[in-house]
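Since the structure is predicted, the reported quantities are computational estimates derived from the model, not experimental observations.
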Amino acid sequence: MRRPGESSRPGSESSRPGTDGWLRVAVGRAEGSKMGHRVRARVTGFAMLAAACLAGCNGEGKDGAAQGSASAEQTEVAKSNAYIIAANESSGLFAKALETYRNTVSPKLAGDRPLENYAVVPVGQVTKIRTRLEAAGAMEGSIPEIEPAARDYATAIAAFEPVNNGLANYAQSKGFLTDDGAKARAEDATFVASLAKVADAEAVFFDRIAARDERLMRETYDRAPEGSVERYRAGIVLSGKAAMKEVATVFGDPADVAAREAFAGNLEEMATMVENWDRAVRAEKPEGCPVLQSRFNSVIADGRNAVRNAEEGQFDPESGMGSVRLQYAFSGLQSNFSMMILQLNQPFPC
């Protein structure tokens with residue numbers, strides 16, 4: 001019998017130990033689909049619930065050794081959260097920028113017609129992400145699962161900054177109107193190559209955070225007593241994230257029935273966890289926790305709608321649904337999932 005969140009889809013990305021396909025949209029790549037990089041890193045919900053609980057629950061009334069352990073855990077949580085903030089600041093910025101540039105800018109540079117518009121990655125955002133990564137790396141403590149990828153990511157950004165900055169002034173001042181895009185064309189290959197390195201490093205960084213996050217959550221689930229609020233809460237997160245690993249494929253490759261079935265199966269497991277969690281909460285507090293209950297059920301409801309629409313062929317390219325409506329439905333689901341994780345990360349939501 002599989003644990004919550006474990007994919008029932010044989011050989012799928014989400015069934016491989018140590019990987020987290022829901023980040024690879026970013027974090028599902030949906031290779032070859034129309035969603036592509038656009039949905040990469042957008043189904044991200046970095047839940048630090050396991051680490052935060054460990055740090056907050058240990059060391060009270062214990063001896064010095066126990067308190068020292070709690071202090072070490074607090075240090076690790078603080079550093080990990082700093083990396084989470086950097087990841088959320090990034091939020092797939094570079095993957096999206098690369099896709100947009102390749103799809104809308106590079107084709108125009110391939111010809112010799114004068115440019116009417118031109119843009120690169122916002123300078124302030126680039127610097128802010130690098131600064132957050134470097135600040136997190138300088139904090140006390142060590143997180144071997146994350147830090148090498150974070151350093152590589154920061155290094156790739158630092159190498160990209162001068163390339164991007166040189167073209168940012170050109171783009172913002174509309175220098176392309178004076179030289180018909182000559183500078184943009186001359187530096188196009190260098191810009192794309194440098195940005196691609198950052199996007200790749202960004203994806204690896206997200207993958208490392210996701211793998212660690214899932215490990216901590218599974219440890220919380222396994223450690224919690226059977227039938228407890230804590231166990232069901234962790235199970236909700238695990239099964240929800242497992243479902244989101246398949247979401248890009250459900251929307252972007254509707255012919256992949258196995259992905260849809262895995263998605264639906266994890267949604268139903270999540271729904272069962274929510275029902276059990278609600279009963280366990282109300283056994284301790286009759287009024288329950290309607291704030292979290294609503295968040296959980298919104299994700300499940302949107303997911304079930306997606307499954308039905310995919311089964312009815314509404315996501316098929318020839319269905320006439322249109323990319324805007326498809327993206328709207330996808331964004332609504334991932335937004336509800338992100339809000340759920342955000343709500344779970346709030347102290348004492350009920």
Side-chain angles (χ1 to χ4, degrees), residues 1-9 12-15 19-23 25 27-28 42-50 53 210 213-224 226-251 257-282 288-311 329-346 349-350:
M1 184 174 183
R2 63 190 179 100
R3 291 187 296 178
E6 291 181 342
S7 175
S8 59
R9 184 183 176 196
S12 70
E13 177 99 11
S14 55
S15 67
T19 64
D20 202 318
W22 64 276
L23 261 182
V25 45
V27 184
R42 289 294 32 81
V43 188
T44 344
F46 300 119
M48 292 306 299
L49 302 175
C53 180
D213 175 51
E214 184 167 345
R215 176 181 65 78
L216 292 173
M217 190 57 61
R218 287 197 181 282
E219 288 175 0
T220 296
Y221 177 84
D222 291 338
R223 208 169 33 238
E226 289 278 356
S228 66
V229 171
E230 294 77 11
R231 189 175 180 91
Y232 291 131
R233 178 184 171 111
I236 290 167
V237 175
L238 287 170
S239 53
K241 286 185 174 181
M244 298 305 281
K245 288 179 180 181
E246 307 290 353
V247 71
T249 307
V250 171
F251 281 85
V257 177
R260 186 194 313 157
E261 290 177 348
F263 176 71
N266 281 303
L267 275 180
E268 296 313 306
E269 187 168 3
M270 182 181 175
T272 299
M273 286 285 175
V274 170
E275 291 175 359
N276 290 334
W277 165 86
D278 184 47
R279 281 193 289 269
V281 169
R282 292 182 187 278
C289 185
V291 173
L292 284 180
Q293 185 180 18
S294 177
R295 286 292 181 201
F296 297 150
N297 286 325
S298 291
V299 173
I300 296 167
D302 280 358
R304 285 170 168 167
N305 275 334
V307 171
R308 184 193 61 185
N309 291 339
E311 289 174 345
F330 173 83
S331 297
L333 174 55
Q334 66 93 33
S335 177
N336 268 333
F337 180 78
S338 296
M339 289 302 297
M340 183 192 89
I341 295 298
L342 179 64
Q343 192 77 58
L344 284 167
N345 275 322
Q346 300 303 311
C350 295

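Take Arg279 and apply the salt bridge (Lys or Arg N to Asp or Glu O under 4.0 Å) test, not counting sequence neighbours, and it matches no residue. Not a single salt bridge (Lys or Arg N to Asp or Glu O under 4.0 Å) links Glu275 to another residue, sequence neighbours left out. Applying the side chain to side chain donor-acceptor pair (under 3.5 Å) rule to Arg260 yields no partners; only residues at least two apart in sequence or on another chain are considered. Residues forming a ring pair (Phe, Tyr, Trp, His ring centres under 6.0 Å) with Phe263 (at least two apart in sequence, or on another chain): none. Residues that satisfy the side chain to side chain donor-acceptor pair (under 3.5 Å) test with Asn297, not counting sequence neighbours, are absent from this structure. Listed by chain and number, the residues in a salt bridge (Lys or Arg N to Asp or Glu O under 4.0 Å) with Asp278 are Arg282 (sequence neighbours excluded).
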Worked check of side chain to side chain contact (heavy atoms under 4.5 Å, CB included) between Leu292 and Trp277: CA-CA 10 Å; Leu292 284 180; Trp277 165 86; 3.8 Å; yes
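The line from NZ of Lys245 to CG of Asn266 is 8.5 Å long, rounded to the nearest 0.5 Å. Interatomic distance, CG of Leu333 versus OG of Ser298, reported as 10.5 Å (0.5 Å rounding). Considering OG1 of Thr220 and CD of Glu230, their distance stands at 10.0 Å, rounded to 0.5 Å. Rounded to the nearest 0.5 angstrom, Glu219 CD and Leu216 CG are separated by 5.5 Å. Taking CZ of Arg215 as the start and CZ of Arg218 as the end, the distance is 12.5 Å to the nearest 0.5 Å. Summarising the geometry, atom CZ belonging to Phe251 is positioned 7.5 Å from atom CG belonging to Asn309; distances are rounded to the nearest 0.5 Å.
Nearest heavy-atom pair, Met270 versus Gly240, reported as atom, atom and distance to 0.1 Å: SD-CA, 3.7 Å. Nearest heavy-atom pair, Thr249 versus Ala259, reported as atom, atom and distance to 0.1 Å: CG2-CB, 3.6 Å. When all heavy atoms are compared, the tightest approach of Gly227 to Ala280 is O-CB, 4.0 Å. The minimum heavy-atom distance between Asp302 and Gly332, with the atom names listed, is OD2-O, 3.6 Å. Scanning both residues, Tyr221 and Leu238, for their nearest heavy atoms gives CB-CD1, 3.9 Å.
Side chain of Arg231 to backbone of Glu226: no donor-acceptor contact under 3.5 angstrom is found. Counting only distance, with no hydrogens or angles, the side chain of Ser294 and the backbone of Pro290 share no donor-acceptor pair below 3.5 Å. Looking only at distances, a side-chain donor or acceptor of Ser239 sits under 3.5 Å from a matching main-chain atom of Ile236. Checked by atom type and distance alone, the side chain of Arg304 never pairs as donor or acceptor with a backbone atom of Leu267 at under 3.5 Å.
Within the 4.5 Å cutoff, the side chain of Leu344 has heavy atoms near those of the Arg233 side chain.
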